[in-house]
Number of protein chains: 2
Amino acid sequence: MTSTEPGHAPAAVPAPPPSEAPAEVPDPARAGMRPTKQRRAVAVALAREDAFASAQQIHERLSREGEQVGLATVYRTLSALADAGEVDMMRTEGGEAIYRSCSPTHHHHLVCRSCGRTVEVEGPAVERWTTAIAEQHGYAEVSHTLEIFGTCPECR
Amino acid sequence: MTSTEPGHAPAAVPAPPPSEAPAEVPDPARAGMRPTKQRRAVAVALAREDAFASAQQIHERLSREGEQVGLATVYRTLSALADAGEVDMMRTEGGEAIYRSCSPTHHHHLVCRSCGRTVEVEGPAVERWTTAIAEQHGYAEVSHTLEIFGTCPECR
DNA sequence: GCCGGATTGACAACGATTCTCAGATATCTG
DNA sequence: CAGATATCTGAGAATCGTTGTCAATCCGGC
Ligand SMILES: [Zn+2]
Ligand SMILES: [Zn+2]
Ligand SMILES: [Zn+2]
Ligand SMILES: [Zn+2]
C-alpha cells in the first residue's frame, strides 16, 4: 500500500489521523482514456480532496491554482472516471453529483453532514443480506447503494 | 384494505402479485397542508402508481386523465409530502427526484431497474449495523440511505 | 356570503449538466 | 521525426429538472 513511498519514514510522525487511507490518484489510462494534461489535473485534484467534491468545486479549485481546465472537461472527466469505477460518485440531497477518490474495493461511506469528512466502511453481512433479499424476491443482477450520514466528532 | 372493493371476489383471480401492500393514499392534511383539489389529485395519482414516479410523470398522468393540475403545483405538492414524510423520495441515477407512496414505517426498497416495480424491505440487522458503525467512529445523529436494484422476474 | 391568508398556474429564471463543433493534441505509422 | 488520424478540449449554446414570481383564485372560518 505505502510501497510507492521512499522508505525515509521518521519515527516521530505526528500521528496522521489514523482514519484515512492515502487517497490513491485515479488513473485515466486505467480507465481506457487518453492521459491528457487536463485529465491528470482533475485526477490529482480529486485525490487531494479528502471529501466528496462536485465538478464545479474541482473546476474552481483548479482555476484558483492556475490549472486551466474547461468546466465541460471536468464534467466529462469525472463522469468517465466514475463510469470506469476509478472514483466513487454519489448525489447530494439536492441531486448534485459529487465524486471522491476511494480505495478500489467495494465499500460504503460514513459521511459527515456538516464538513463532508468521509470514512470508508465495509459490511460483508450487509452485502450478503442485500443479495439474499433480492434473490428471495426473484430479482437478478443485484446491486445496491448504501450511505450513512452523521455529525463527525470534529463538528460537534 | 381491499375494503373499498365490493366483495364479489371470484375464486379465480389471476393471482394478484402477492408482493405489494395496498398503497395507502398520502394525506395532505396530515402533512399540515390544506387539502385542495389539486393536492388530493396528486396524492391519489401517486397512490395508484405501483412504482416510483417523477413529478413530470405524475403531472403527465393527471393531464392525460383530465385532472388539470399545474406542473409547478405537482412539484410543490410532492416535495411537501416528502418533507412531511407522507411519501418516500429517492433519486434516479440521473439525479431526478422520484416519489412513492409507501408504508409509514422505516423501510428500504428493492427496485426493478427496468420497470421500476418496487418491493419494500426491512432489515433490523442493517439498521443496527449502521448505527453501530457510525457511533464507533464518533458520528452522531445517524441516518442512512439504502436501496437495492435488480431486474425483477417479470422483466427477465 | 365575506374576508384574509393560503394556493394555484403560466411563465420567467435558475443551476447543473450536456451538446456542438472548430481547433488543439495524443498516438500511431512509416 | 513528419504526417495521418482519431481523440480531446473549450467556449458558448442548448437541455432539463426544478424553483421563483405574482396576479388571480380558492379555502376555511366568521
Ligand atoms: Zn468510496
Ligand atoms: Zn464533520
Ligand atoms: Zn418506501
Ligand atoms: Zn421489472
Side-chain angles (χ1 to χ4, degrees), chain A residues 26-46 52-84 86-100 116, chain B residues 26-46 52-84 86-100 116:
Chain A
D27 185 347
R30 211 183 308 146
M33 340 163 43
R34 283 188 186 172
T36 67
K37 179 188 310 198
Q38 292 89 331
R39 283 172 180 169
R40 272 187 301 259
V42 170
V44 169
L46 192 58
F52 278 85
S54 69
Q56 314 231 46
Q57 289 175 321
I58 294 295
H59 174 255
E60 193 178 317
R61 165 153 316 195
L62 285 174
S63 301
R64 208 183 317 118
E65 295 178 2
E67 290 284 352
Q68 175 65 322
V69 180
L71 180 55
T73 298
V74 175
Y75 270 107
R76 284 187 290 234
T77 302
L78 287 176
S79 163
L81 287 175
D83 285 349
E86 280 290 304
V87 304
D88 283 1
M89 186 266 264
M90 70 179 283
R91 295 210 173 254
T92 66
E93 197 143 331
E96 196 178 356
I98 51 182
Y99 304 83
R100 182 170 190 259
Chain B
D27 185 348
R30 210 183 309 146
M33 342 164 41
R34 280 191 190 171
T36 68
K37 178 188 309 197
Q38 292 90 330
R39 284 170 179 169
R40 271 187 302 259
V42 170
V44 169
L46 191 58
F52 277 84
S54 70
Q56 315 228 47
Q57 288 175 322
I58 294 293
H59 175 256
E60 193 178 318
R61 164 156 313 200
L62 286 173
S63 301
R64 207 182 319 118
E65 295 178 359
E67 291 285 351
Q68 176 66 323
V69 181
L71 179 56
T73 298
V74 175
Y75 270 107
R76 285 187 290 235
T77 302
L78 287 176
S79 163
L81 286 176
D83 285 349
E86 280 291 303
V87 305
D88 283 0
M89 186 266 264
M90 71 179 281
R91 295 206 173 257
T92 67
E93 198 144 331
E96 197 177 355
I98 51 182
Y99 304 82
R100 182 171 190 257

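So you know, we letter chains A, B, ... as the sequences are listed, proteins then strands, and number each from 1. Keep in mind the model is a prediction, meaning the values are calculated, not measured. What you see below is based on every heavy atom in this structure, not just the backbone, and it leaves out hydrogens, waters and symmetry mates.
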Is there a side-chain polar atom (N or O) of [X] under 4.0 Å from OP1 or OP2 of [N]?
X: B/Gln38; N: C/dT7; result: no
X: B/Tyr75; N: D/dT18; result: yes
X: B/Gln56; N: D/dG17; result: yes

**Prompt:** Does the pair A/Met89 and A/Phe52 meet the rule for a side-chain contact (heavy atoms from CB on, under 4.5 Å), with working shown?
**Reply:** CA-CA 8 Å; A/Met89 186 266 264; A/Phe52 278 85; over 6 Å; no
**Message:** What contact category does B/Ala97 fall into here, base, sugar-phosphate, or nothing, at under 4.0 angstrom with non-hydrogen atoms?
**Reply:** sugar-phosphate
**Prompt:** Counting any heavy atom closer than 4.0 Å, what does B/Arg39 reach on the DNA or RNA strands: base, sugar-phosphate only, or nothing?
**Reply:** sugar-phosphate
Using the side-chain heavy atoms of [X], tell me which of these nucleotides is nearest: [options].
X: A/Arg91; options: D/dT9, C/dA16, C/dT17; result: C/dT17
X: B/Thr36; options: D/dG10, C/dA26, C/dT7; result: C/dT7
X: B/Thr73; options: C/dA26, C/dG4, C/dG9; result: C/dG9
X: A/Glu96; options: D/dT7, C/dA16, C/dT7; result: C/dA16
X: A/Val69; options: D/dC8, D/dG10, C/dG5; result: D/dG10
X: A/Pro35; options: C/dT7, C/dT27, C/dG9; result: C/dT27

Send over the distance from [X] [atom1] to [N] [atom2], rounded to a whole Å.
X: A/Arg34; N: D/dT5; atom1: CZ; atom2: P; result: 14 Å
X: B/Leu78; N: C/dT7; atom1: CG; atom2: P; result: 15 Å
X: B/Ile98; N: D/dG17; atom1: CD1; atom2: P; result: 13 Å

**Request:** Please state whether the base of D/dG10 and the side chain of A/Arg76 form at least one donor-acceptor pair under 3.5 Å?
**Result:** yes
